[in-house]
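The structure appears below as structure tokens.
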Amino acid sequence: MTHDIYTRMRDTVLAALKGLDPSLPPEIADRVEVTPARDPAHGDMATNAAMVCAKALRQPPQKIAAALVAFLGEAPEVEEVTIAGPGFVNIRIEKPAFRALLPVILTHGESYGDSTAGHGRRVNVEYVSANPTGPMHIGHCRGAVVGDALANLMAKAGFQVTKEYYINDAGAQVTALAWAAYWRYLQAIGTPLTEEEFSAQVPGGLQYRGDYLVPVGAALAKQHGSALAQPDLGIAAPENWIDLVRDATIDLMMAEIREDLELLGVRQDVFSSERALVASGAADATIDRLAADGLIYEGVLEPPKGKTPDDWEPRPQTLFRSTQFGDDVDRPLRKSDGSNTYFANDIGYHANKLDRGFDMLIDVLGADHGGYVPRMRAAVQALSGGGTKFEAVLCQIVHIMRGGEPVRMSKRAGTYVTLRDLLEEVGRDAVRFTMLTRKADAQMEFDLDQAIAQTRDNPAFYVQYAHARCRSVLRSAVEMFGAAAIEPAVLATAPLDSLDDESDLTLIRRLATWPRTVEAAALAREPHRIAFFLYDLAADFHMLWNRGRDNATLRFLQPDQPAETQARLALVAATAIVIRSGLGVMGVTPVEEMR
RNA sequence: GCGCCCGUAGCUCAAUUGGAUAGAGCACCAGACUACGAAUCUGGGGGUUGGAGGUUCGAGUCCUUCCGGGCGCGCCA
């Protein structure tokens, strides 16, 4: 049986509707929902059933509502049922039914809130996937946190999740990286060349001038001496060193990135290399597969309407018929030098994921890749025959704010903020929590002052503080009554009738919405909802705590009232469990104390 | 020019995916420490949800159209 009392009530409502008309169409029944009441004056929950079913049952909503009132009024745990507005049915639940949730939470621990909504479907969540051309920066951070939390969330909601990182280690950018690392190598062995002289010799000029490659150059020098250079320490023929330098540099950069991910608390299950994929011929094989289905052709694209690039010239290209699957234009797969476009390789990669048997592929991307989504969706649809869903979660840009002013990101001005800088200044927990306080697809301002603040306007702090307070109470309880007093199994048997204050019940009702919050957030792919839930839960708890100052009977620990104390400890322990569970989804530490 | 995303209190953002009187925090004003943690809490003012139409029992949410911002638009990834 589900732990979600709203789902249970919905089942009861559906049973009532079936009683009215056994032939109620499933698509109508699907629209019936039982939701927590927004206003406590309306009761505890409400259903739209009467309005939704009016047409199918050929009866006015009021009449259906009246029938529901009669039926639900007899249902167990129901205290009162009323009709409101155009046909809402408001339901008030007996308090013991809500209180009964506490033993459930205490018994199940953090698995309370787990859902089976995912039906064990195999999902691949790909995120971060930064080029290994430098350390991670703020731009990567949001995608990393959102992807990681989304994966955790979907796992909790009953999906079988694989976390994946796609290493973009093929193409022109890593060649440019190799040249940049080679420059640092030449410097390390004392080349007479100046940076400008060197740059003039590099195809496309020297990129990646950041000093993070200095250690790479030093490592190459240590291992190879001057063997990779000309005898005069000038530039040797690229074919003699470029593969070696590129491989070594990518390895070192990836090691760096993995370290950054570790510091951020992100651990992916699978790292896939674009270069390995290309080398295996997977991309070309996939193109052949599409060609066999008649989805590849040589053609000439029209220039974009209204804005023709200056250097536009009609050009025959190898194209994928993505328009057959809803894309705006067909997409090129080969560059003029015959090599694959990024898209072609990415098709190969997604085919690889399909071969691994996933039912669903989710890419967490930067919003600047939004235009890329339709073509990838088209490719996955073509390759899977529509059997596998492709989704993208787009992350909008993050603006860093300090002292009310935006921090301009500039490598030259030295205000470039790496992920490591951010973590050192703000801390992992605050970074992760703050990144999840906005819908992914909305621009956000990351206020450094706020993220460091130890006050209510820092949600990370506020929620962690609530958890710390819970643990503080439980520690005190151990001192007062012994360790056995806070054993979940013991607390689960506590008599709970004394939990009768409005703030007690508000907190319990909040705990009751945890399962549906998890499920809804997972199905909407919106991990930020967990952050908001926890913030509200923390607020309920802090409020109850302070009520105890005015009203001693609401204090958690009352040495002369063991029964009441036990009930309150059950509430505190259950709250701590749910906070811990939610923070677990977000990848934030549930701290024991804040001192 | 076309496509996608967005526009909600002075500011930063929510809104149970079409539900009832649109909610929090910050800022502002007024209050609460004899406490198990006052790093907290209580109360107050603040809104034509960018504008205008439409769909229906019901719209911040869906459709149309303007205005304003972001991103993208053939061999970058």
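Throughout, a chain's letter reflects where its sequence line sits, starting with A, and its residues are numbered from 1.
Residue contacts shown for A:E526 include a base, since a base heavy atom lies under 4.0 Å away. Counting any heavy atom pair closer than 4.0 Å across all strands shown, A:M594 reaches a base atom. Heavy atoms of A:E593 sit under 4.0 angstrom from at least one base atom. Counting non-hydrogen atoms under 4.0 angstrom, A:Q207 reaches nothing in the nucleic acid. Base engagement by A:A46 is indicated by at least one non-hydrogen atom pair under 4.0 Å involving a base atom. Across all strands, A:R469 comes closer than 4.0 Å only to sugar-phosphate atoms, never to a base (heavy-atom distances). Contact annotation for A:R516: base contact, defined as any heavy-atom pair under 4.0 Å involving a base atom. Contact annotation for A:F461: base contact, defined as any heavy-atom pair under 4.0 Å involving a base atom. As judged by a 4.0 angstrom heavy-atom cut-off over every strand, A:A520 is placed among residues making no nucleic acid contact. Among the atoms of the strands shown, none is found under 4.0 Å from any heavy atom of A:G370. Backbone-only contact: A:F532 has heavy atoms under 4.0 Å from sugar-phosphate atoms and none from a base. Residue-level contact check: A:M444 touches the backbone only, with heavy atoms under 4.0 Å from sugar-phosphate atoms and none from bases.
Taking atom C1' in both B:C6 and B:U49, the straight-line distance is 14 Å, to the nearest Å. Between the P atoms of B:G46 and B:C4, the separation comes to 39 Å (whole Å). B:U40 sits 23 Å from B:G45 when the P atoms are compared, rounded to a whole Å. For B:U42 and B:A24, the P atoms lie 10 Å apart once the distance is rounded to whole Å. A distance of about 24 Å separates the C1' atoms of B:G31 and B:C36, rounded to the whole Å. Annotation: B:G37 and B:G50 have their P atoms spaced 45 Å apart (nearest Å). For the P atom pair drawn from B:G19 and B:A59, the interatomic distance equals 11 Å after rounding to whole Å. Rounded to whole Å, the separation between the C1' atoms of B:G74 and B:G7 comes to 33 Å.
At whole-Å resolution of the value, OH in A:Y127 and P in B:A77 are 25 Å apart. Straight-line distance from the CZ atom of A:R375 to the P atom of B:A77: 12 Å, rounded to whole Å. Rounded to whole angstrom, the span from the CE atom of A:M401 across to the P atom of B:C13 amounts to 9 Å. Atom-to-atom, CD1 of A:I397 to P of B:C5 comes out at 19 Å; the value is rounded to the nearest Å. Distance, A:R568 CZ to B:C36 C1': 12 Å, rounded to whole Å. Rounded to whole Å, atom C1' of B:A77 lies 18 Å from atom CE of A:M253. Residue A:W312 contributes atom CH2, which lies 5 Å from atom C1' of B:G74 at whole-angstrom precision. Between the CG atom of A:D4 and the P atom of B:U16 there is a distance of 16 Å, rounded to whole Å.
Listed nucleotides B:A20, B:G3, B:A14 differ in distance to A:H528; the shortest reach to its side chain belongs to B:A14. Relative to the side chain of A:Y462, the nucleotides B:A39, B:C41, B:A77 differ in distance, and B:C41 lies closest. When each of B:G70, B:G19, B:C13 is scored by its nearest atom to the side-chain atoms of A:R438, the top-ranked nucleotide is B:C13. Across B:A20, B:C33, B:A77, the shortest atom-to-atom separation from the side chain of A:R549 is found for B:C33. Comparing B:A77, B:A39, B:A20 against the side chain of A:Q173 picks out B:A77 as the nearest. Checking B:G74, B:A14, B:G19 against every side-chain atom of A:M51, the shortest atom distance belongs to B:G19. The side chain of A:D368 lies closest to B:C71, out of B:G19, B:G74, B:C71.
Between A:R315 and B:G74 there is no side-chain N or O to OP1 or OP2 distance below 4.0 Å. For A:R456, a side-chain nitrogen or oxygen approaches OP1 or OP2 of B:C41 to under 4.0 Å. Checking the phosphate oxygens (OP1, OP2) of B:C5, no side-chain nitrogen or oxygen of A:K439 falls inside 4.0 Å. A:H467 has no side-chain polar atom (N or O) that falls below the 4.0 Å cut-off from OP1 or OP2 of B:A39. For A:K335, a side-chain nitrogen or oxygen approaches OP1 or OP2 of B:A77 to under 4.0 Å. Close to B:A39, at under 4.0 Å from its OP1 or OP2, lies no side-chain N or O of A:T455.
Counting only Watson-Crick and G-U wobble pairs whose two key distances fall under 3.5 Å, RNA chain B forms stems of three or more stacked pairs at B:1-5 with B:69-73, B:10-13 with B:23-26, B:28-32 with B:40-44, B:50-54 with B:62-66.
Shown here for A:P559 and A:M480, the closest heavy-atom pair between the two residues is CG-SD, 3.7 Å.
There is no side-chain donor-acceptor pair under 3.5 Å between A:D363 and A:Y127. In the model, A:N131 has a side-chain atom that pairs as donor or acceptor with a side-chain atom of A:Q173 under 3.5 Å.
The cationic atom of A:R377 (NZ for Lys, CZ for Arg) does not lie both less than 6.0 Å from the six-membered ring centre of A:F325 and within 45° of the ring axis. By the 6.0 Å and 45° rule, A:R321 stacks over the aromatic ring of A:Y297.
Between A:P132 and A:I167, some side-chain heavy-atom pair lies under the 4.5 Å cut-off. For the pair A:R516 and A:T7, the minimum side-chain heavy-atom distance is 4.5 Å or more.
Once the 5.5 Å centre distance and the 30° plane angle are applied, the aromatic ring of A:Y535 is found not to be stacked with the base of B:A24. A stacked arrangement is assigned to A:W545 and the six-membered base ring of B:C36, with a centre-to-centre distance below 5.5 Å and an interplanar angle below 30°. For A:H369 and B:G72, the ring-to-base geometry does not satisfy the stacking test (centroid distance below 5.5 Å, interplanar angle below 30°).
Within a 6.0 Å radius of CZ in A:R475, more than 12 heavy atoms belonging to other residues, nucleotides or ligands are found. For A:E302, the CD atom is loosely surrounded, since the number of other residues' heavy atoms within 6.0 Å does not exceed 12.
If you find the closest nucleotide of RNA chain B to A:H542 and to A:P36, the one lying nearer the 5' end belongs to A:P36. Where A:E274 and A:M543 meet RNA chain B, the nucleotide closest to each residue was compared, and A:M543 sits on the side nearer the 5' end.
Counting atom types as modelled, A:N90 pairs a side-chain N or O with a base atom of B:A20 as donor and acceptor under 3.5 Å. For A:R38 against B:A15, a side-chain-to-base donor-acceptor contact under 3.5 Å is absent.
Taking the centre of each ring, A:F446 and A:H399 stay at or above the 6.0 Å mark.
Atoms OG1 and CZ, on A:T47 and A:F88 in that order, are 9.0 Å from each other to the nearest 0.5 Å. For the atom pair CD1 (A:I579) and NE2 (A:H467), the distance works out to 6.5 Å, reported to the nearest 0.5 Å.
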